[in-house]
Structure formats: structure tokens, C-alpha cells
Amino acid sequence: MNKHRSAEELRRQAEEKILDSKRKIAPPVAPEELQRLVQELEVHQIELEIQNEELQQAHSELERYLGEYTNLYDFAPVGYLTLDQSGFILRANLTGATMLGLERSKILNQHFEKFITAQHRHAFKSFLEKVFFNRARDTFEITLQIKENESNFVHIEAMVLEDQRECRIALMDITAQKKAEEELRESERQFRTLYETMTQGVLYQDPDCRIISANPAAEKIFGLSFNQMQGRSPKDLQWLIIQEDGSDLPEEAQPYMVALRTGEVINNAVMGLYSPQAGRYTWLKITAVPQFKPGDDKPFQVILTIEDISLIKGMIAYNKLTPREKEVFKLLAKGQGRQLISDKLRFSPKTADKHKENLMNKLELYSQDDIIKFARLINLL
């Protein structure tokens, strides 16, 4: 019984000591103040929970953005490399590694010049030094040696990073563009060769009918250099143009004018052109092709292809001559005078003169040189 009371007494004393300790640590709080403190603690707890939730959400978004950035960086259509001032590769995206022809792990810490063709290495070294010196964005074009017999053209944009110890370069493969440019240059070269060597004349005329281009064959046909024709119209050059029946061909009915007015191709129009510079008519077969700019319904120029058919016209006229006229023409082509022709063919000199006049009109020849030239063309001489 004493033992039991002794235990109870010990417990009571211990509880009193605990209460005394609590009273010493914190003064007694009124119920209202205690309730207020509990409420503040609850609010603070909720605030912490909200902040924690926001932090977790921000962390998730950051991870998502980082994943998107990584995908954009690695799978961008442009290759990215980060170089130090010596040109060693510090970082690279997958596209850049592919452009260098190796796995990413195998190009890191390699010198970038190793992948550049020999003829561009020195120039790239100078370019990189300039970029680091100027601290400004700059561009350059090089060729990368992908395989032993294969190289690609690359356009580079370089920019020094904020720490000024590294440089990021963007690599854009322009091999297809370079190939297209080369093909275009070759096409232009072939076109220029054709333009300058073709037997057909070519004229370009603007909407005011001024000549803006002419090939050598056109110069030969018209008996004028391009410099003499440039910026001038047929009217300025005092060209007289006739139809096949010999009547005048009005300007509005001429092939280039019809093509400009209608916007349609005029094929194989035949006309005679008298040039004061040449001093004679030339028969021409012309095709007029209007040219349009995208979206326009009116031509901005006309291309004329011109064929000198004077010989063909002359052959047709020659084949219509009588046997006696052909004899006279052959003697004229050989330089025989009126007296020799009259003696050989047994008619009067006046008749010989009349034959010569008729022949020159029928064949549209205007001088002894024209007669000789035509005779050679048809193999009479």
C-alpha cells in the first residue's frame, strides 16, 4: 500500500515539474490568442503548400521547356557548334554532328579545321580570329570534307557568347543552292553561246519598240552594230517595211506591234525590210514572242527571231526566169558587159540593157556586187 502511494506521489510530482517547466517557458495564453495563433499557423501552412505546389509546377514546366529546347537544339535543321578561341569543338547538336559526318561524341574536343577542306582552313582561322576580336556577328562560306571524294558547301554565321571565351557557329548546308547556281551559270553560258553563234537573228524590243538587245546574226542581217541600233526603233532607223506583194506594211500591222498589242505569238510573218544603211531590201521571216512579268497582263518586251530568206526568195524568182534570162544573168555574173552579151546572144545592146534591168528588178538586186553575191549563193560561179 505504501509502495503504491509512493508511485502515485512520484507521478504527481513529475507532472507538477512538467507544468512548472511549461509555465517558465511560455506564459499562459488566453484562449482567444491561442485560437488566433493556431489560425495563423494554418494559414502559413496553406501558403507553404501553395508555394510548394507552384515550385513543383515551375519545376515541371522547366523540365518540359528544357526538353523542348533540347529537341529544338538537337534536331534543328541548322547545325550548331560551340568553339573555343582555338577552334576546338566544345558542344554540338545532332544536326551539326551529322553535317561533319561523325557521331557527336566523336567530334567533341576535335579541332573544327580538321573537317574543313584544305583550301579554306587558313581563311577560316582568320575569320574566327576576327569574330573574337570584333565581338560581332559575322558570316563566312567554306567547304566541309565529309568523305574522301565528297565535300559540302556550308554557310556559317558566327557569334561570340557572353563570356567572350566561346563562339557559337550556325552551319547551313548550301550545297544544293551552290549546285543550282552553277547549273544556272552553265545554262546562261550555253544560252549566251547559242545567242551569239546562232544563224537566226534575235532582237529584244521594249513596249515603245526600242531595240534593247541584238545578237551578232541580227547585226549582220541589218548591217548595223548593236550600238547603232540600241535604244532606237525601226522608225528611228528609217527602215521601210513592205509586204510580199510590195505594198507598204503599216506599223500597227508589223509583227512586234501585233505581239505587243494582242499578247499573242506571231509565227513566221514574212516582210521585206529596206535599210538605208544596207541600201537594199532584205526579205525576212519573223516570229514575235511577247514576254510577261508575273502577274502582268501586258508584255514588257517582245523577242523577235529573224531569218533572212532573201536567198530563198531569190531562188524562187530565179527559177521563174526564162532560159534566155538565165543565160543573160550568168553572163552578167561573170562580169560580161552589154556589148559582149549582145554579141554572144545575138541581140542589140539595148536589149541587153533591158534584160539586165528586168533581171535586177525580178531578183531584187541593186548592184553588180549583188549580182555576183547571189550567183555565188546559187552556185553559178
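Side-chain atoms are counted along with the backbone in the values below, which use heavy atoms only and exclude waters and symmetry mates.
- Salt bridge Lys344/Glu327: absent, no basic N to carboxylate O contact under 4.0 Å.
- Taking the six-membered ring where tryptophan is involved, the planes of Trp239 and Phe222 are essentially parallel, since the angle between them stays under 30° and well short of 60°.
- Ionic pairing of Lys130 and Asp138 is present here: one or more N-O contacts between side-chain nitrogen and carboxylate oxygen are shorter than 4.0 angstrom.
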**Report entry** Residues Asn215, Glu219; criterion side chain to side chain donor-acceptor pair (under 3.5 Å); working and verdict
**Finding:** CA-CA 7 Å; Asn215 72 340; Glu219 293 177 316; over 6 Å; no

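- In this structure the side chain of Leu144 reaches within 4.5 angstrom of the side chain of Val154, judged on heavy atoms.
- With ring centers used as reference points, His355 lies 6.0 Å or more from Phe329.
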Query raised in the report: Could you go step by step and tell me if Asp173 and Thr175 meet the side chain to side chain donor-acceptor pair (under 3.5 Å) rule?
Result: CA-CA 6 Å; Asp173 192 334; Thr175 305; 2.6 Å; yes

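- Of the charged side-chain nitrogens involved, at least one lies within less than 4.0 Å of a carboxylate oxygen, so that Lys178 and Glu141 count as a salt-bridged pair.
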Report task. Go through the steps for Ile312 and Trp283 under the test side-chain contact (heavy atoms from CB on, under 4.5 Å), then give the verdict. Result -> CA-CA 9 Å; Ile312 297 173; Trp283 285 100; over 6 Å; no

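- Here the side chains of Ile142 and Thr117 are not in contact, with every heavy-atom distance at 4.5 Å or above.
- A 4.5 Å side-chain heavy-atom check between Leu332 and Gln336 finds every atom pair outside the cut-off.
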Please tabulate, for the side chains in residues 295-308, all donor-acceptor contacts under 3.5 angstrom to protein atoms that are two or more places apart in sequence or on a different chain.
unit_1 : atom_1 : unit_2 : atom_2 : d
Asp308 : OD1    : Ser310 : N      : 2.9
Asp308 : OD1    : Ser310 : OG     : 2.7

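- Using a 4.5 Å heavy-atom cutoff, the side chains of Asn134 and Val160 are not in contact.
- Note on Glu186 versus Arg189: salt bridge recorded, some NZ/NE/NH1/NH2 to OD/OE distance being below 4.0 Å.
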Taking only distance into account, with no hydrogens and no angle test, what donor-acceptor pairs under 3.5 Å do side-chain atoms of residues 262-275 form with protein atoms, sequence neighbours excluded?
unit_1 : atom_1 : unit_2 : atom_2 : d
Thr262 : OG1    : Val258 : O      : 2.8
Thr262 : OG1    : Glu264 : N      : 3.2
Ser275 : OG     : Gln277 : N      : 3.3
Ser275 : OG     : Gln277 : OE1    : 2.8
Ser275 : OG     : Ala278 : N      : 3.4

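- The shortest side-chain heavy-atom distance between Glu183 and Lys179 falls under the 4.5 Å cut-off.
- Counting heavy atoms from C-beta outward, Tyr318 and Leu380 have side chains that approach closer than 4.5 Å.
- Under a 4.0 Å N-O distance rule, the pair Arg137/Glu157 qualifies as a salt bridge.
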Query raised in the report: When you look at Arg91 and Leu81, which way does the side-chain contact (heavy atoms from CB on, under 4.5 Å) test go after all the steps?
Result: CA-CA 6 Å; Arg91 291 180 293 279; Leu81 303 178; over 6 Å; no

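- In the displayed structure, Arg376 atom CZ is contacted under 6.0 Å by at most 12 heavy atoms of other residues, nucleotides or ligands.
- Side-chain contact between Ile286 and Tyr256 is absent, with no heavy-atom pair separated by less than 4.5 Å.
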Requested in this report: Test Gln177 against Glu181 for side chain to side chain donor-acceptor pair (under 3.5 Å), laying out the working first.
Outcome: CA-CA 6 Å; Gln177 176 186 331; Glu181 290 174 357; 3.1 Å; yes

Query raised in the report: Please walk me through it: do His155 and Phe140 pass ring pair (Phe, Tyr, Trp, His ring centres under 6.0 Å)?
Result: CA-CA 6 Å; His155 175 83; Phe140 194 60; 9.5 Å; no

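- Judged by distance alone, with hydrogens and angles left aside, the side-chain atoms of Asp208 form no donor-acceptor pair with the main-chain N or O of Arg210 at under 3.5 Å.
- With respect to Lys235 and Glu251, a salt bridge is recorded, a charged nitrogen being found less than 4.0 Å from a carboxylate O.
- Phe191 and Tyr195 have parallel rings, their planes meeting at less than 30° on a 0 to 90° scale where 60° marks the start of perpendicular.
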